[in-house]
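All figures in this text were calculated on a predicted structure; none of them were measured in a lab. Residue numbers run from 1 in the order of the sequence given. Hydrogens, waters and symmetry mates are skipped; everything else that's a heavy atom, side chains included, is used.
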Amino acid sequence: MKRKLISAIGVAGMMISLAACGGDNGDGGDKTGADGYAGETLTVWVMDGSSPDQWQKDVAAAFEKKTKAKVKFEIQQWNGIQQKLTTALSEENPPDVFEIGNTQTPAYAKTGGLADLADLKTEIGADWTESLNESSIYDGKQYAAPWYFANRVVLYNKKIWAEAGIKDTPKTRDEFYADLKTIGEKTDAEPIYLPGQNWYHFVGLTIGEGAELVKKDGDKYVSNLADPKVAAAMETYKKFQALSKAPKDKDEATPQQGEVFGKGNVGAFIGMGWEAGIAIEANKKIEKEIGYFTIPGATADKPEGVFLGGSNLAVAAGSKKQELAKEFLRIALNDTYEGELAKLNGVIPNKESLQTNLKGNVVAEAAAPAAAGGGTTPLIPEWAAVENAPNPIKTYMTAVLNGKSPADAAKQVEDEFNKRLAQQQ
């Protein structure tokens with residue numbers, strides 16, 4: 001999934017010079033001998049925007065110091081990357097280490113393209129945040145390492161909230177709803193812009209309810225949209241969507257919700273931090289009015305469930321340099337360089353103890369509290385086909401918003417949902 005990290009940094013005012021992040025620097029315990037891997041070059045694929053030049057420079061220097069080998073970073077584009085990576089992993093000389101979308105990881109693990117990293121998990125991953133590491137595991141085995149993540153927050157118009165007499169941001173779902181109602185009653189603004197098919201937010205609500213979107217039926221996966229927990233998540237979505245004038249049959253990109261918010265007459269919307277950049281591009285004057293807060297959950301001690309978008313780092317099963325690749329991961333994922341990436345890019349690091357590196361980045365500070373309780377779409381290879389247009393979950397959502405019961409809406413899309421889950425991968 002493409003993440004516009006640079007925009008997020010700009011919105012949050014991340015003009016911070018790099019300082020030491022503390023923690024293990026990965027230079028101890030050299031296992032490579034006096035000459036190490038001198039003369040070898042490790043190929044690492046990273047996606048456009050994922051790793052700043054400074055991070056690459058620092059990691060490469062530490063890697064060369066420890067191993068005597070070189071690292072060659074090759075920047076890849078998100079468009080078409082799945083086919084390109086699939087082809088590369090089947091060839092004789094695949095990239096040794098590569099970035100992979102967290103929800104894409106199970107499909108590559110199933111096909112045998114990823115090396116088992118169980119030993120690395122034992123060595124350096126004992127305190128990886130469980131929710132962030134979950135996508136690196138397939139069939140009980142560790143096939144990747146969690147790298148960086150992002151999730152949705154509430155972006156709000158401070159001016160409108162002040163006009164409504166609201167003095168603080170809400171800490172619970174009920175407080176959030178009450179504040180939005182107050183905006184509708186005391187101002188001329190639309191309380192919240194929430195299109196009917198912002199389905200990643202809906203996925204977050206299902207995670208908050210402890211619901212699963214699929215279930216096992218014998219040896220296959222089938223729809224679980226009829227689960228009462230899924231219905232409860234949809235009812236929450238419907239309650240908030242009723243405060244919005246947004247279309248019930250469109251998603252957050254049609255039109256771009258940031259552009260709608262940028263017009264200055266919307267109290268809040270739920271989105272990624274970088275979407276503030278879209279609002280500012282549409283209306284520069286709104287920049288000073290934008291604030292951020294964590295999506296409130298049912299109780300003040302637990303934020304709302306969120307979908308965690310992010311990337312893992314994996315080693316190609318066909319790499320002839322797997323031990324050297326693991327040396328790279330030991331360095332890239334240690335506290336110094338994982339913390340550096342979090343600071344430079346404003347992304348959530350793979351362990352909670354490193355979230356101190358987000359201080360001063362208002363977007364990341366709003367997103368981070370929800371990460372531990374976040375999740376993803378089902379981590380099964382069969383899931384990929386479900387998201388193809390027309391996405392049956394979007395169809396389900398619109399049907400409920402237009403008056404169908406969650407049970408009837410689930411039944412309406414069940415056959416199509418199951419057909420997609422049954423497609424050969």
Could you tell me whether the side chains of [X] and [Y] share a donor-acceptor contact shorter than 3.5 Å?
{"X": "Q241", "Y": "Y193", "answer": "no"}
{"X": "N361", "Y": "E365", "answer": "no"}
{"X": "N102", "Y": "E134", "answer": "no"}
{"X": "T172", "Y": "D174", "answer": "no"}
{"X": "Q83", "Y": "T87", "answer": "yes"}
{"X": "E275", "Y": "Q257", "answer": "yes"}

Do [X] and [Y] have side chains that get closer than 4.5 Å, going by heavy atoms?
{"X": "P255", "Y": "V260", "value": "yes"}
{"X": "L358", "Y": "P349", "value": "yes"}
{"X": "Q76", "Y": "E74", "value": "yes"}
{"X": "S135", "Y": "N312", "value": "yes"}
{"X": "D251", "Y": "N198", "value": "no"}
{"X": "I280", "Y": "K284", "value": "yes"}
{"X": "K158", "Y": "I290", "value": "no"}
{"X": "K84", "Y": "W45", "value": "yes"}

Is there a donor-acceptor pair closer than 3.5 Å between any side-chain N or O of [X] and the backbone N or O of [Y]?
{"X": "S244", "Y": "E190", "value": "no"}
{"X": "N283", "Y": "G262", "value": "yes"}
{"X": "Q142", "Y": "A144", "value": "yes"}
{"X": "N345", "Y": "S50", "value": "yes"}
{"X": "K171", "Y": "T169", "value": "yes"}
{"X": "S223", "Y": "F417", "value": "no"}

Chi angles and distances behind the side-chain contact (heavy atoms from CB on, under 4.5 Å) call for E99, Y148: CA-CA 10 Å; E99 177 182 352; Y148 69 85; 2.6 Å; yes
Looking at every heavy atom in both [X] and [Y], which two are closest together, and how far apart are they?
{"X": "A366", "Y": "T294", "answer": "O-OG1, 2.6 Å"}
{"X": "A226", "Y": "A410", "answer": "N-CB, 3.8 Å"}
{"X": "R420", "Y": "N391", "answer": "NH1-CA, 4.3 Å"}
{"X": "G264", "Y": "N157", "answer": "O-ND2, 3.9 Å"}
{"X": "P52", "Y": "L341", "answer": "CD-CD1, 3.6 Å"}
{"X": "K248", "Y": "Q197", "answer": "O-CG, 4.0 Å"}

[X] and [Y] aromatic centres sub-6.0 Å:
{"X": "W147", "Y": "W55", "value": "yes"}
{"X": "F293", "Y": "W161", "value": "yes"}
{"X": "F240", "Y": "Y177", "value": "yes"}

Could you walk me through whether V266 and I192 pass the side-chain contact (heavy atoms from CB on, under 4.5 Å) test, one step at a time? CA-CA 6 Å; V266 170; I192 185 171; 5.8 Å; no
Atom pair [atom1]/[atom2] of [X] and [Y] - distance to nearest 0.5 Å:
{"X": "K238", "Y": "E235", "atom1": "NZ", "atom2": "CD", "result": "5.5 Å"}
{"X": "N350", "Y": "L333", "atom1": "CG", "atom2": "CG", "result": "6.0 Å"}
{"X": "F261", "Y": "I278", "atom1": "CZ", "atom2": "CD1", "result": "12.5 Å"}
{"X": "W383", "Y": "L379", "atom1": "CH2", "atom2": "CG", "result": "10.5 Å"}
{"X": "M47", "Y": "I75", "atom1": "CE", "atom2": "CD1", "result": "9.0 Å"}

Is it true that atom [atom1] of [X] has more than 12 heavy atoms of other residues, nucleotides or ligands lying nearer than 6.0 Å?
{"X": "D119", "atom1": "CG", "value": "yes"}
{"X": "E281", "atom1": "CD", "value": "no"}
{"X": "K250", "atom1": "NZ", "value": "no"}

Cationic N near anionic O, under 4.0 Å, [X] to [Y]:
{"X": "E123", "Y": "R330", "answer": "yes"}
{"X": "E327", "Y": "K66", "answer": "yes"}
{"X": "K216", "Y": "D219", "answer": "no"}

Please tabulate, for side-chain N and O atoms in residues 204-215, each donor-acceptor pair with protein atoms closer than 3.5 Å (sequence neighbours left out).
unit_1 : atom_1 : unit_2 : atom_2 : d
T206   : OG1    : V203   : O      : 2.6

Testing I295, N151, V154 one by one against E304 for a side chain to side chain contact (heavy atoms under 4.5 Å, CB included), which residue passes?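 Filter result, single survivor: I295.
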Do Y156 and Y292 pass the ring pair (Phe, Tyr, Trp, His ring centres under 6.0 Å) test, and can you show the C-alpha distance, the side-chain angles, and the key distance before you say yes or no? CA-CA 6 Å; Y156 73 105; Y292 310 84; 8.0 Å; no
Dump the intermediate steps for side-chain contact (heavy atoms from CB on, under 4.5 Å) on N334 and E338, then the final yes or no. CA-CA 6 Å; N334 70 34; E338 181 72 4; 6.0 Å; no
Would you please name every residue forming a side-chain contact (heavy atoms from CB on, under 4.5 Å) with T41, sequence neighbours left out?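 So T41 forms a side-chain contact (heavy atoms from CB on, under 4.5 Å) with K70, K72.
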Considering residues at least two apart in sequence or located in another chain, which fulfil the side-chain contact (heavy atoms from CB on, under 4.5 Å) criterion with S319?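 Counting only residues at least two positions away or on another chain, S319 forms a side-chain contact (heavy atoms from CB on, under 4.5 Å) with D96, A316, K321, Q322.
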Steps toward side-chain contact (heavy atoms from CB on, under 4.5 Å) verdict (Y108, L89): CA-CA 9 Å; Y108 288 101; L89 292 178; 3.8 Å; yes
